[in-house]
Every structure is written in C-alpha cells, then in structure tokens.
Amino acid sequence: MVRRLLEILIANLRVTLDDSRLESLIGMKNVNINFYPICRNPELTVGAGRHSDMGTLTVLLQDNAGGLYIKVEEYKLDSRKEEWIEIPPIPSALVINVGDSLEILSNRRYKSAEHRVRTSSKQSRVSIPVFTAPRPTEKIGPLPHLAELGGGALYREVIFQEYMDNFFGHTPEGKKRLILSK
Ligand SMILES: O=C(O)CCC(=O)C(=O)O
Ligand SMILES: [Fe+2]
C-alpha cells in the first residue's frame, strides 16, 4: 500500500522513478506500539512532543481515544497563522503522514506533518505507527527536475544514515532539524 501511495505522490509531481529507486525510498520499515497511560495532569504532561517523522511515509493506526494533533500553517501577505487541529479517530481508518524524507525529495512540494499527542485523564491510548524510510545508504535530495522547476534545491543532498545520526543525536523542537539539511 505504501509503495502504491508513493508511486502516486511521485507521479503527481511529474517525476518518474524506476521500481528499484521507489523500493529503496521505503526500504527501511519499522513498527512501534505506543501506549499512553491515563494521566492525572494532562496539562502538565506531554504524550508525544511536537515532531515530524523522519522517513518517507508513516501509516498510523490509532484507537478511539483521540489526542493526535497536527500543525496547520496559513500564510497571508505578511503574517503567518498556526493552528493545531485534532485528527479524530475514525474506526478502521489509517492516518498517513508525510515524513521529512519525502519533503526533501519533493523539494517541499509535500511538507512533512508536524504532530503531537496530548495525554488524557479519562482514557489510556494505544497507537501503532508503521514507519517507512529510505535505506540508510540511499542519497536523499530534491529530485533534479523539481529543483530546476522550483528555483533551486531547498535542501542539500544527504546520505540517509547521516540524516538519522543527526535526528537521533539532537532533539530539536518540532521540525527545526530540517533546516540542517539546507
Ligand atoms: O501516537 C500517535 O498517534 C503518534 C505517534 C507518533 O507520532 C510517532 O510514534 O512518531
Ligand atoms: Fe510521529
């Protein structure tokens, strides 16, 4: 399913990638199981702090507890408004998140989703994300055609392993680590 999604997203940018490259961009897969216990002081406690996923696409199954928020930014002429909106649980539905690698590859035509999870005093919560990411040896940079069209590459090319070392070596708030690839 992720392979098909990626194929469609890339085709939508009018870029053609061969099968082995597509496979390499989602070649590393990891599953987590997150448990958020009931919390007495939700206003004092972070469930999952604001971040974006570093890989290509994340497929997330959440139970019915709610609490997943995503940051939406709105740019007006000279102002920027940001808002956190809840992604409500829908039975049997999956949440698909764009990760940093896809933001870089698409030269920011797709933006990685900054998200966080709040705790609750009423109900515990379980979520199961499946992370897909490039193989560690894969070079990640804006796809050439997109850099040409979009007035230059917004990110420099990195080996994905280096990106991961940077990701786990620092814990910047939100999406700030993406700047480091520029
Ligand atoms: O629990 C969730 O809904 C999200 C978890 C998450 O963002 C993550 O594991 O990266
Ligand atoms: Fe996440």
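Both ligands and their constituent atoms are indexed starting at 1 by order of listing.
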Using 4.0 Å as the upper bound for N to carboxylate O, is an ion pair formed by [Y] and [X]?
{"X": "Asp100", "Y": "Lys111", "value": "no"}
{"X": "Glu138", "Y": "Arg21", "value": "yes"}
{"X": "Lys71", "Y": "Glu83", "value": "no"}
{"X": "Glu23", "Y": "Arg3", "value": "yes"}

Nearest 10° is fine: what angle sits at the Fe ion (ligand 2) between NE2 from His51 and NE2 from His115?
90°
Please name the atom of Asp53, limited to N, O or S, that comes nearest to the Fe ion (ligand 2).
OD1
Given 3.5 Å as the limit, does a donor-acceptor pair link the side chain of Asn97 with the main chain of Ala113, or not?
no
Could you say whether the N/O atoms of His115 and ligand 1 ever approach to under 3.5 Å?
yes
Heavy-atom contacts with [X] under 4.0 Å: which atoms of ligand 1 show up? List them by number with element.
{"X": "Pro129", "value": "9 (O)"}
{"X": "Phe131", "value": "8 (C), 9 (O), 10 (O)"}
{"X": "Asn34", "value": "1 (O), 5 (C), 9 (O)"}

Assess, by modelled atom type and distance only, whether the side chains of Gln123 and Asp63 contain a donor and an acceptor separated by less than 3.5 Å.
no
Please write down residue, atom name and distance for the protein heavy atom closest to [atom].
{"atom": "atom 3 (O) of ligand 1", "result": "Arg125 NH2, 2.8 Å"}
{"atom": "atom 10 (O) of ligand 1", "result": "His51 NE2, 3.1 Å"}
{"atom": "atom 4 (C) of ligand 1", "result": "Val117 CG2, 3.7 Å"}

Tell me, yes or no, whether the heavy-atom count around Lys139 atom NZ, taken from other residues, nucleotides or ligands under 6.0 Å, exceeds 12.
no
Using a 4.0 Å heavy-atom cut-off, say whether [X] meets ligand 1 through its side chain, its backbone, both or neither.
{"X": "Asp53", "value": "side chain"}
{"X": "Ser127", "value": "side chain"}
{"X": "Val95", "value": "neither"}

Could you go step by step and tell me if Val15 and Leu146 meet the side chain to side chain contact (heavy atoms under 4.5 Å, CB included) rule?
CA-CA 8 Å; Val15 175; Leu146 299 176; 4.0 Å; yes
